[in-house]
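See below for the structure under consideration.
A quick note: this is a predicted structure, and the numbers were derived from the prediction, not measured.
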Amino acid sequence: MNLSEHPVRDIAADILKCLPVGMAPRLEALVAAQNSTVTDEIIRAIEAHLCKQSKANILAIAREADVLGHSEA
């Protein structure tokens with residue numbers, strides 16, 4: 001069975017089982033506060049992480065380009 005065939009409810013339960021100790025209650029509280037689902041919050045966390053990583057990569061590229069630009073002058 002691939003992920004797209006897996007019922008969402010079971011994925012959320014599996015995610016909660018795999019979290020480090022103390023994280024499941026925090027995630028459940030976030031879900032309750034946001035009136036969302038575990039899956040929604042996991043997706044948001046992944047998107048936020050990817051966005052931060054992309055921003056860091058872009059800044060690194062810009063710094064490298066700036067250093068190369070100065071060394072050529």
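Counting only residues at least two apart or on different chains, the side-chain hydrogen bond (donor to acceptor under 3.5 Å, both in side chains) pairs with a member in residues 45-57 are Q53-N57. Residue pairs meeting the side-chain hydrogen bond (donor to acceptor under 3.5 Å, both in side chains) criterion with at least one partner in residues 15-36, sequence neighbours excluded, are S36-E41.
For I46, the side chain to side chain contact (heavy atoms under 4.5 Å, CB included) partners at least two apart in sequence or on another chain are I42, L50. Residues meeting the side chain to side chain contact (heavy atoms under 4.5 Å, CB included) test with A45, sequence neighbours left out: none.
For the pair L27 and V38, the tightest heavy-atom approach, listed with the atom from each and the gap, is CD2-CG1, 3.7 Å.
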